[in-house]
Amino acid sequence: MNTSSEKAATGVAGLDDITAGGFTRGRLYLVEGSPGTGKTTIASQFLMAGAAAGERCLYITLSETEDELRESARSHHWELDDNIDIFELVPPESLLDEDQQQSLLYSSDLELGETTKRIFEAFEQTRPDRVVLDSLSEIRLLAQSSLRYRRQILSLKHYFSRRGSTVLMLDDLTTDVLDKTVHSVAHGVVRLEELSPNYGAERRRLRVIKYRGQRYRGGYHDFVIETGGVRVFPRLVSAEHRNAFRRDLVPTERAELNALLGGGFERGSSTLIIGPAGTGKSLLALTFVLDAVARGEHAAMFVFDEELGLLIARAKTLGIDLDSMVRSGSLTLEQVDAAELTPGEFSERVRTCVEAHGARTVVIDSVNGYQAAMPEEQALILHMHELLQYLNRQGATTFLTVAQHGLVGDMKAPVDVTYLADTVILLRYFEAAGRVRRAISVVKKRTGPHEDTIREFRIGGEGITLGEPLIEFQGILRGVPSLIGRAAAESLESAAYPAE
């Protein structure tokens with residue numbers, strides 16, 4: 001296996017992680033993708049990383065002019081320095097003049113030979129350590145046949161490898177997307193893709209198709225093109241992130257809630273708060289954030305569904321000052337735009353809060369919004385599984401909210417993640433004495449015993465309060481309970497759990 005010391009850093013945030021340190025020096029690589037996917041930006045970052053390390057770099061362009069390349073660099077606030085030479089390869093003027101074109105000898109023979117000769121001349125003038133050739137589509141058109149094209153690529157590969165240069169060849173796939181000639185010749189292949197959902201911004205992703213003699217992070221990885229270049233979000237693999245920590249029982253600040261939860265939450269566990277809209281899921285999650293801050297921990301809350309200003313104002317009426325927590329640095333509060341954010345970027349944000357800011361309590365409000373961020377993704381459960389496993393292995397206590405469809409009676413959740421969570425808290429509406437009331441119960445807890453009762457759940461000016469177990473009612477979870485009285489309840493209890 002190659003080591004990172006033998007690698008040329010890509011200069012692209014996240015790509016070195018995927019390629020296990022970058023590109024092996026002295027080899028030829030293919031970066032392919034349709035126009036607009038970010039090939040030129042990645043190539044520019046690759047050369048700038050080399051220039052920053054004191055290496056000579058050469059950009060050979062057959063498709064864009066030098067002015068266009070420099071203007072594109074300035075849009076990212078870059079200035080291509082003296083260590084980066086740009087060689088603009090244009091056809092000889094004689095080949096553009098119809099009167100000078102050959103009739104018996106194909107002009108492509110002259111063009112291809114002339115092009116190759118000028119590429120080699122440009123290389124000999126600068127003797128670069130890194131080379132970018134943009135793009136292969138022009139060479140493929142000049143070659144006209146697959147055999148000539150393959151021979152041409154092989155000659156370029158052998159020429160550059162004998163001189164120890166690391167080469168990126170760009171292909172915009174505008175001529176023959178089924179031609180895999182360069183795939184077999186190149187040492188590594190990176191494919192860039194752009195997806196256009198029915199609503200929202202375009203989504204970009206990349207995949208390393210091939211990398212000889214090197215383990216790499218497989219699968220698709222989201223990336224964005226922003227001012228400053230391409231940023232890649234490596235696919236989260238929870239098994240790679242394990243931290244040792246004590247799985248202490250973390251109590252809440254409310255005795256009734258502790259009783260319901262069997263003493264509290266285990267550190268490094270995940271809790272799902274599920275119920276219809278308006279039952280207080282976000283507020284309950286906020287109380288856990290308040291408890292974490294009171295313990296001196298850093299907390300992070302990612303809000304998909306509610307505007308932050310409204311959430312802050314609503315929390316303040318209940319005695320929770322989110323603004324002061326954010327200002328003091330004890331809370332990271334982020335609004336997540338589901339139409340603009342990719343799942344990979346969201347995972348990266350969560351990782352930053354945990355690894356850079358030390359967050360030990362993480363709230364995702366809600367999974368419905370998280371699902372909306374990937375309307376055409378088929379792997380929501382896998383995304384959630386990896387994210388929750390990662391957080392659990394980092395010792396972070398995670399709270400997720402899920403809004404069910406409907407208000408009372410038989411309700412359905414848009415996505416079933418109850419089996420992923422260690423604890424499931426169920427909130428319900430029920431009718432009693434002409435009033436709509438709320439109930440709370442814990443229906444699952446992997447990490448220890450919990451109370452099997454149903455308690456009334458109230459929201460007031462001082463936040464949430466829990467009442468005594470509703471033992472005189474039956475059918476609360478259906479939404480329309482019946483009053484059976486304490487004597488009947490005690491009789492049912494003794495029948496269900498006879499004394500030993």
Side-chain angles (χ1 to χ4, degrees), residues 10 12-15 17-18 30-46 63-64 68-69 71-73 75-76 134-137 140 168-180 182-183 189-210 217-236 302-305 334-350 364 366-384 386-387 414-415:
T10 64
V12 179
L15 188 54
D17 180 274
I18 294 168
L30 172 65
V31 178
E32 62 178 14
S34 57
T37 49
K39 299 181 301 299
T40 301
T41 306
I42 288 176
S44 299
Q45 289 176 255
F46 172 71
S63 54
E64 293 186 76
E68 288 174 324
L69 287 172
E71 183 179 349
S72 177
S75 72
H76 291 289
D134 183 10
S135 79
L136 293 182
S137 295
R140 186 186 289 112
L168 286 192
M169 290 187 169
L170 310 185
D171 190 355
D172 58 17
L173 303 178
T174 54
T175 50
D176 186 359
V177 296
L178 299 179
D179 189 346
K180 304 298 183 185
V182 188
H183 283 225
V189 179
V190 180
R191 167 70 67 91
L192 309 181
E193 297 181 6
E194 182 179 79
L195 308 175
S196 298
N198 292 330
Y199 183 82
E202 66 279 355
R203 307 289 176 88
R204 292 183 173 91
R205 63 183 188 178
L206 64 80
R207 180 166 69 98
V208 177
I209 296 176
K210 166 188 175 182
R217 193 183 300 275
Y220 285 104
H221 311 276
D222 295 329
F223 74 94
V224 294
I225 304 175
E226 55 191 9
T227 302
V230 167
R231 192 154 58 102
V232 182
F233 309 107
R235 181 173 59 84
L236 181 61
F302 299 91
V303 182
F304 282 88
D305 306 328
E334 289 195 20
Q335 179 88 60
V336 181
D337 189 341
E340 301 295 323
L341 196 71
T342 63
E345 186 173 358
F346 176 67
S347 296
E348 186 73 14
R349 286 195 191 182
V350 175
I364 299 174
S366 65
V367 174
N368 306 69
Y370 186 75
Q371 182 185 32
M374 48 174 86
E376 296 171 21
E377 292 274 351
Q378 305 301 315
L380 171 65
I381 296 296
L382 290 177
H383 278 289
M384 292 299 305
E386 289 300 309
L387 185 59
V415 56

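- Partners of Glu386 under the side chain to side chain donor-acceptor pair (under 3.5 Å) rule, at least two apart in sequence or in another chain, are Ser238.
- Nearest approach of Ser75 to Thr227, heavy atoms of both residues: O-CG2, 3.9 Å.
- Distance OG1/Thr342 to CD/Glu348: 10.0 Å, rounded to 0.5 Å.
- Here Thr10 pairs with Asp16 under the side chain to side chain donor-acceptor pair (under 3.5 Å) rule; sequence neighbours left out.
- With a 4.5 Å cut-off on side-chain heavy atoms, Ile18 and Leu206 count as touching.
- Rounding to the nearest 0.5 Å gives a distance of 8.0 Å between CG of Leu173 and OG1 of Thr37.
- Taking CG of Asp171 as the reference point, atom CG of Leu168 lies at 13.0 Å (rounded to 0.5 Å).
- Across all their heavy atoms, Pro343 and Tyr370 have their closest contact at CB-OH, 4.4 Å.
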Next item on the list: Output, in order, the C-alpha distance, side-chain angles, deciding distance and verdict of side-chain contact (heavy atoms from CB on, under 4.5 Å) for Leu387 and His383.
Entry: CA-CA 6 Å; Leu387 185 59; His383 278 289; over 6 Å; no
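- Rounded to the nearest 0.5 Å, atoms CG (Asp222) and CG (Leu195) are 9.0 Å apart.
- Residues meeting the salt bridge (charged side-chain N to carboxylate O under 4.0 Å, His left out) test with Glu202, sequence neighbours left out: Arg204.
- The ring-ring contact (aromatic ring centres under 6.0 Å, His included) check on His76 picks up Trp78, with sequence neighbours excluded.
- Of the possible donor and acceptor atoms, none in the side chain of Gln45 sits under 3.5 Å from a partner among the backbone N and O of Gly229.
- With sequence neighbours left out, the salt bridge (charged side-chain N to carboxylate O under 4.0 Å, His left out) criterion links Arg207 to no other residue.
- In terms of the side chain to side chain donor-acceptor pair (under 3.5 Å) criterion, residue partners of Glu64 (sequence neighbours excluded) are, by chain and number, Thr40.
- Glu226 CD to Glu345 CD: the interatomic distance, rounded to the nearest 0.5 Å, is 7.5 Å.
- Contacts of Asp172 classified as side chain to side chain contact (heavy atoms under 4.5 Å, CB included), with partners at least two apart in sequence or in another chain: Pro35, Lys39, Ser135, Ser137, Thr174.
- Take Ala13 and apply the side chain to side chain contact (heavy atoms under 4.5 Å, CB included) test, not counting sequence neighbours, and it matches Arg231.
- Environment of CD in Glu68: crowded, with over 12 heavy atoms of neighbouring residues, nucleotides or ligands closer than 6.0 Å.
- Annotation: side chain of Val31 is not in contact with side chain of Phe46 (no heavy-atom distance under 4.5 Å).
- By the 4.5 Å heavy-atom criterion applied to side chains, Leu30 and Leu136 are counted as neighbours.
- Panel note: side chain Arg235, backbone Gly218; a donor-acceptor pair is recorded below 3.5 Å.
- Scored by the salt bridge (charged side-chain N to carboxylate O under 4.0 Å, His left out) test, Glu334 finds Arg349 as partners (sequence neighbours excluded).
- The salt bridge (charged side-chain N to carboxylate O under 4.0 Å, His left out) check on Asp305 picks up nothing, with sequence neighbours excluded.
- Residues meeting the side chain to side chain donor-acceptor pair (under 3.5 Å) test with Glu32, sequence neighbours left out: His183, Arg191.
- Listed by chain and residue number, nothing satisfies the ring-ring contact (aromatic ring centres under 6.0 Å, His included) test with Phe223 (two or more places apart in sequence, or in another chain).
- Across Leu192 and Gly38, no two heavy atoms sit closer than the pair CD1-C, 4.0 Å.
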